[in-house]
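Presented below is the structure to which this report refers.
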Amino acid sequence: MQAFYARLLGLPQNRVRVRTPDVGGGFGLKVFSMRDEWAVVLAATLLGKPVRWIEDRYENLVASSHSRDEKMTLSAAFGPAGILRALKAEHVENSGAYPYAGSGTVSGVVGLCVPGPYKVVHSSYSAEAVFTNTCGRAPYRGPFLMETVGPEQLMDAAARQLGIDPLELRRRNALSAADMPHTLPTGMVYDSVTPLETLEQAAELIGYEEFRAEQARARGRHLGIGISLCVEPSAVAFGAMGTEGAVLRMDTSGRLQLALGSSSTGMSLETTMAQVVAEELGCDLDDITFTQGDTAVTPYGAGTQGSRSAVLYGNAARLVAETVRGKVLAIAAHAMEAAPEDLDVGEGRAFVRGVPAKGLSFAEIAQLAYAGHDLLPPGLSAGIEAVTRFKAPQLTFCNACHVCTCEVDTETGLVRILRYVVSEDCGRMINPKIVEGQIFGGVAQGIGGVLYEHLPYDEEGNPLSSTFADYLVPTAAEIPEIECAHLESPAANGLGVKGVGEGGAVASPAAVFNAVADALAPLGVVLRGTPLGPRQILDALEAAGS
């Protein structure tokens, strides 16, 4: 934002300061500076006084950027015993009137990732972006989504045609940890993903066979189960997004100040980044203050989009903490006439390994660094602070399996979700509660996208969803308890972490869609798109003659 507004205003970049307060959830719409923000900044500069513009709900729904409006036509070739041999995808997306991110560049990544979690030998992909008179498209918590939504709906459709259970068809084709590293036919390389393992874990957690038995016994009830298996590109690290910096200082009291170029949108970086530093330095979380979202005091950062925070910011925090730890040990070792390699840190102290009582507190070490610097070893600079940058691989792949069960009321068209389970592999988990919180939020958005939320236009291009009476957002009453299980296959970075922020929203739409389609398949209903509100389901039943 600093670089953008410096160009907009014709100012040197260091003459622009951007400060970000708590902004709540971002999910994509807040990644880019939009025209209303340009106008506010320009007006404030021209007038020489503060200017504020407050968007109301109507303006937000009819004039802000929209999420995806896409169609994908898929064809698949299966060999003997249901082995997937080839996959072809033809993708068309509505870019709206203005080209925000989500068109063109996203299509390229979708094409690379279409083979997803499967051992497909050949793949083909084509994309077309269409300009229309709707609002422009913005990312929506997982811009790389169609490579999961399309193929996962295809796998269930193929299972019905082949007469193979959808779980079994996936078992026969899913990649496993034993297949790593694996090169997709598109050239993408997976180094550590576990699709088959998460599939089995989710199937066991949901009680797949037991549900199928219950479904067979149900008389007059329309029960369905849907699976969605995904491999998601996370930690997007192209160009300016390829590195992140960190600054860590120990003050004279021995406490720490961490600054990152991030700007959190609800993913609890304030907790996880402090945890990374505390683990490396053996200190209490309360001894760390964390600063972000202020260009005057933080290093250059490219933002939190692309599920990149844990990988890039986490590893930057790890590296800078390692440097500070080294200096703390060097000062303590010199003061205690010991070798640095014989010392350890813990509970805010540096001590002789195996003899915790023999040591110095961080406060005592900090006093030596800042006030007693004449007593430091030769060649060691005063103070305790470090600056570093971490360079990440271009993509870090995570994976998950979502399974949803539902019941459809064919009289009203209403869908009731019965259970929802997730098996997630996001590498090493810094904080499992935060991982699950990210999953819960993503699944809730996926459920909303399939069953409730829609932005229709009339034939003349007028938006029809202008209030929350028309644009239905699911509440806690519509979202079931989400049950989570985890696998941890470490990624090839120092922390071993992978992105998790978008996975819940990427995998959930196909799981919900497939569950509804499974419930209605015995009635001859073939579903091909979303949303699946009561009107759409009743229309599908009528079209099938049910």
Side-chain angles (χ1 to χ4, degrees), residues 1-56 59-60 62-67 95-106 135-141 143 235-247 257-267 269-270 273 290-309 312-313 316 387 389-392 501:
M1 291 296 101
Q2 182 192 45
F4 173 80
Y5 282 110
R7 294 194 299 272
L8 181 72
L9 300 173
L11 294 172
Q13 192 167 322
N14 65 349
R15 301 295 297 168
V16 176
R17 181 179 183 182
V18 179
R19 287 179 289 182
T20 307
D22 288 333
V23 296
F27 314 124
L29 180 60
K30 298 175 185 175
V31 169
F32 304 97
S33 181
M34 299 298 185
R35 290 163 177 78
D36 47 9
E37 296 164 330
W38 307 353
V40 169
V41 171
L42 287 168
T45 304
L46 292 170
L47 295 173
K49 60 182 63 178
V51 173
R52 172 179 291 182
W53 176 72
I54 300 174
E55 177 187 61
D56 64 26
E59 290 167 324
N60 178 266
V62 304
S64 66
S65 299
H66 293 347
S67 65
S95 296
Y98 304 105
Y100 297 124
S103 302
T105 55
V106 170
C135 285
R137 173 186 157 158
Y140 181 75
R141 200 170 190 172
V236 177
F238 302 109
M241 297 172 68
T243 75
E244 287 297 340
V247 178
Q257 301 165 356
L258 173 67
L260 297 174
S262 60
S263 186
S264 182
T265 52
M267 67 284 290
L269 293 184
E270 300 87 341
M273 297 302 101
F290 177 47
T291 301
Q292 60 177 334
D294 185 344
T295 57
V297 295
T298 59
Y300 176 86
T304 57
Q305 69 269 25
S307 296
R308 61 196 297 272
S309 297
L312 282 102
Y313 294 122
V387 179
R389 292 197 77 84
F390 172 74
K391 186 178 186 307

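A302 and A240 make their closest contact through CB-O, 3.6 Å (heavy atoms, listed as atom of the first residue, atom of the second, distance). Looking at every heavy atom in both residues, E244 comes nearest to G301 through OE1-CA, 3.2 Å. Taking each heavy atom of V23 and T265 in turn, the nearest pair found is CG2-CG2, 3.5 Å. Shortest non-hydrogen contact noted between G28 and A138 is O-CB, 4.4 Å. Taking both residues in full, the closest heavy atoms of A6 and V16 are given as CA-CG2, 3.9 Å, listed atom of the first, atom of the second, then distance.
Taking the side chain as every heavy atom from C-beta outward, L9 and L42 approach each other to under 4.5 Å. At least one side-chain heavy atom of L269 sits less than 4.5 Å from a side-chain heavy atom of T304. Using a 4.5 Å heavy-atom cutoff, the side chains of S65 and Y140 are not in contact. Taking the side chain as every heavy atom from C-beta outward, S263 and M1 never approach each other to under 4.5 Å.
Among pairs with a residue in residues 8-31, those fulfilling salt bridge (charged side-chain N to carboxylate O under 4.0 Å, His left out) read R17-D294, at least two apart in sequence or across chains.
How far CG of L312 is from OG1 of T243: 8.0 Å, rounded to the nearest 0.5 Å. Taken from CE in M273 to CG in L258, the straight-line distance is 8.5 Å, to the nearest 0.5 Å. In this structure, the separation between CG on D36 and CD1 on I54 is 12.5 Å, given to the nearest 0.5 Å. Put simply, OG on S264 and OH on Y313 are 10.0 Å apart, with the number rounded to the nearest 0.5 Å. From F290, atom CZ reaches atom CD of Q257 across 13.0 Å, with rounding to the nearest 0.5 Å. Rounding to the nearest 0.5 Å gives a distance of 14.0 Å between CZ of R137 and SG of C135.
For the pair R52 (side chain) and V40 (backbone), a donor-acceptor distance under 3.5 Å is absent. One N or O on the side chain of R308 and one on the backbone of V236 form a donor-acceptor pair closer than 3.5 Å.
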Item to check | Residue pair L11, T45: steps toward the side-chain contact (heavy atoms from CB on, under 4.5 Å) verdict | outcome: CA-CA 11 Å; L11 294 172; T45 304; 5.9 Å; no
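Evaluation of the side-chain hydrogen bond (donor to acceptor under 3.5 Å, both in side chains) rule for S307 yields E502 as partners, not counting sequence neighbours. Partners of Q2 according to the side-chain hydrogen bond (donor to acceptor under 3.5 Å, both in side chains) rule, which considers only residues two or more places apart in sequence or in another chain, are Q13. For the side-chain hydrogen bond (donor to acceptor under 3.5 Å, both in side chains) test, residues two or more places apart in sequence or in another chain that qualify with Q292 are S262, E270. Applying the ring-ring contact (aromatic ring centres under 6.0 Å, His included) test to F4 and every residue at least two apart in sequence or in another chain returns W38. Partners of E37 by side-chain contact (heavy atoms from CB on, under 4.5 Å), not counting sequence neighbours, listed by chain and number: Y5, S33, M34.
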